[in-house]
Amino acid sequence: MTIVTTSRTPRTQDWELATEMARQLQGRTVERRNLSLHRLMKEAGSDDVVVVSDGTAKWQNLQGDTFFFHPSMASLRIKHLSKGEKDKLMDVAGIRRGSRVLDCTLGLASDAIVAAYVAGEAGLVVGLESVPIVAALVRQGLTMSEYPSGRLTEAMRRIHVVQADYREYLPQCKDHAFDVVLFDPMFRRTVHRSQAIQSLKAIANPAPLDVESVQEATRVASSKVVLKERKGSPEFERLGFHVIKEASTYALGVINTG
């Protein structure tokens, strides 16, 4: 069972957030008592801990792996878009103002944040995350984190995070419930990515995308289903995607449903 604690000098708000995080994770709160995190986990009989401090939350396990929310490249991508520049994923997916987008592999929510910026208030962006800890920390970050860019913060607030596995969520959706469905599974062969992505890899769901889920996605999406995968990956052919755009380390494949 995951335990949730605070820094050594917690504020009242930190304890409130810790209690809420424990509820979401079906874990329990533990007083820090000036202990190291390793000692705290050992005493509590837990393999991992979420630490709340100054309104932020960070996960760590006994092996020293860590994870916390960060918008990654979303800020830079939104900055470029605001200057009239193009975004590869948004162009390939055909996401525009008012689009309804389902991100089936939310992760750090970088793509979802950019989609929410492009879709605007008239749009809808739902992000699915199957790993409870990732879902809880990313939801907290999207809801409470503040950044200098108002455009970034506003986009973050518009994302609806759902802790669910797309293999279970998609069959429950109505036909054409969304315009675009996105898949960005973790690459099984490591490529150089940001530190934030590497920290996510330690905790992310490693399951490959299955054909049945792609078929469900084509029913749910009224326009396109998009897959981001490693450049040259056989997954595109296996799953029936046509590669549209290639970058240095990844490629984008599409199934047109409209």
Side-chain angles (χ1 to χ4, degrees), residues 24-26 74 88-96 98-119 122-139 142 155-156 158-188 197 200-201 203-230 233-245 250-258:
Q24 291 183 33
L25 296 170
Q26 297 182 345
K88 291 184 180 69
L89 178 58
M90 298 301 110
D91 281 355
V92 168
I95 296 172
R96 56 182 62 87
S99 290
R100 301 166 301 158
V101 181
L102 176 64
D103 186 340
C104 288
T105 48
L106 184 64
L108 282 165
S110 181
D111 291 336
I113 294 170
V114 179
Y117 170 74
V118 174
L124 170 68
V125 177
V126 175
L128 307 181
E129 177 50 57
S130 63
V131 180
I133 290 171
V134 176
L137 268 64
V138 171
R139 181 188 292 111
L142 292 171
M156 287 165 49
R158 286 198 288 267
I159 298 171
H160 302 273
V161 178
V162 179
Q163 196 265 294
D165 191 314
Y166 57 76
R167 291 172 293 186
E168 300 172 358
Y169 187 92
L170 284 167
Q172 299 177 31
C173 293
K174 296 180 180 179
D175 293 358
H176 299 169
F178 294 89
D179 299 310
V180 179
V181 175
L182 304 175
F183 290 104
D184 182 11
M186 293 299 295
F187 297 167
R188 284 177 296 288
I197 296 298
L200 174 61
K201 194 164 187 176
I203 192 174
N205 185 343
L209 181 56
D210 58 285
V211 173
E212 293 77 14
S213 293
V214 173
Q215 292 173 343
E216 285 290 344
T218 60
R219 177 185 62 80
V220 172
S222 66
S223 179
K224 295 180 181 181
V225 180
V226 181
L227 171 64
K228 181 193 289 186
E229 251 289 354
R230 174 178 48 82
S233 171
E235 290 294 275
F236 292 110
E237 182 177 359
R238 180 179 74 85
L239 297 167
F241 286 85
H242 178 58
V243 176
I244 299 295
K245 181 80 71 174
Y250 71 89
L252 297 171
V254 170
I255 296 176
N256 290 305
T257 62

**Study point:** Verdict with reasoning, Leu106 to Val161, per side chain to side chain contact (heavy atoms under 4.5 Å, CB included)
**Key:** CA-CA 8 Å; Leu106 184 64; Val161 178; 3.9 Å; yes
Between the main-chain N or O of [Y] and the side-chain N or O of [X], is there a donor-acceptor pair closer than 3.5 Å?
{"X": "Thr257", "Y": "Ser223", "answer": "yes"}
{"X": "Arg219", "Y": "Cys173", "answer": "yes"}
{"X": "Arg100", "Y": "Ala177", "answer": "yes"}
{"X": "Gln172", "Y": "Glu168", "answer": "yes"}
{"X": "Ser233", "Y": "Glu235", "answer": "yes"}

Checking [X] now: which residues fulfil side-chain contact (heavy atoms from CB on, under 4.5 Å) with it, not counting sequence neighbours?
{"X": "Lys88", "answer": "Lys245, Ala247, Tyr250, Leu252"}
{"X": "His176", "answer": "Ser222"}
{"X": "Val131", "answer": "Glu129, Val134, Ile203, Asn205"}
{"X": "Ala136", "answer": "Met21, Gln24, Leu25"}

[atom2] on [Y] to [atom1] on [X], rounded to 0.5 Å:
{"X": "Arg167", "Y": "Cys104", "atom1": "CZ", "atom2": "SG", "value": "11.5 Å"}
{"X": "Asp184", "Y": "Leu108", "atom1": "CG", "atom2": "CG", "value": "10.5 Å"}
{"X": "His160", "Y": "Leu142", "atom1": "NE2", "atom2": "CG", "value": "11.5 Å"}
{"X": "Lys224", "Y": "Asn256", "atom1": "NZ", "atom2": "CG", "value": "5.5 Å"}

**Study point:** For Tyr166, all residues meeting ring-ring contact (aromatic ring centres under 6.0 Å, His included), sequence neighbours excluded
**Key:** Phe183
Provide the closest heavy-atom pair for [X] versus [Y] in the form atom of the first, atom of the second, distance.
{"X": "Gln163", "Y": "Ser130", "answer": "NE2-O, 3.1 Å"}
{"X": "Ala116", "Y": "Ala155", "answer": "CB-O, 3.4 Å"}
{"X": "Gly127", "Y": "Ile159", "answer": "N-CG2, 4.5 Å"}
{"X": "Leu124", "Y": "Phe178", "answer": "CD2-CE2, 4.0 Å"}
{"X": "Leu227", "Y": "Phe236", "answer": "O-CE2, 3.5 Å"}
{"X": "Val181", "Y": "Ala217", "answer": "CG1-CB, 3.9 Å"}

Review point. Within a strict 4.5 Å, meaning less than it, do heavy atoms of the Arg238 and Val211 side chains meet?
Key: yes
Review point. Are any of the side-chain heavy atoms of Phe241 and Val226 separated by less than 4.5 Å?
Key: no
With sequence neighbours excluded, residues passing salt bridge (Lys or Arg N to Asp or Glu O under 4.0 Å) with [X]:
{"X": "Asp210", "answer": "none"}
{"X": "Arg96", "answer": "none"}
{"X": "Arg158", "answer": "none"}

**Study point:** Evaluation steps, side chain to side chain contact (heavy atoms under 4.5 Å, CB included), between Val254 and Val92
**Key:** CA-CA 8 Å; Val254 170; Val92 168; 3.3 Å; yes
Practice item. Report the residues that fulfil side-chain hydrogen bond (donor to acceptor under 3.5 Å, both in side chains) with Asp91, sequence neighbours left out, ordered by chain and then residue number. Key: none
Exercise for review: Might you work through the side chain to side chain contact (heavy atoms under 4.5 Å, CB included) test for Val126 and Asp103, ending with a clear yes or no?
Suggested key: CA-CA 6 Å; Val126 175; Asp103 186 340; over 6 Å; no
Point to revise | CA sep, side-chain torsions, deciding dist, call: Val114, Leu89, side chain to side chain contact (heavy atoms under 4.5 Å, CB included) | key: CA-CA 9 Å; Val114 179; Leu89 178 58; over 6 Å; no
Practice item. With Leu102 as reference, evaluate Leu170, Leu182, Val225 under the side-chain contact (heavy atoms from CB on, under 4.5 Å) test and give the passing residue. Key: Leu170
Practice item. Can you run down the side-chain hydrogen bond (donor to acceptor under 3.5 Å, both in side chains) pairs that involve residues 106-116, sequence neighbours left out, and say none if there aren't any? Key: Arg77-Asp111, Asp111-Lys228
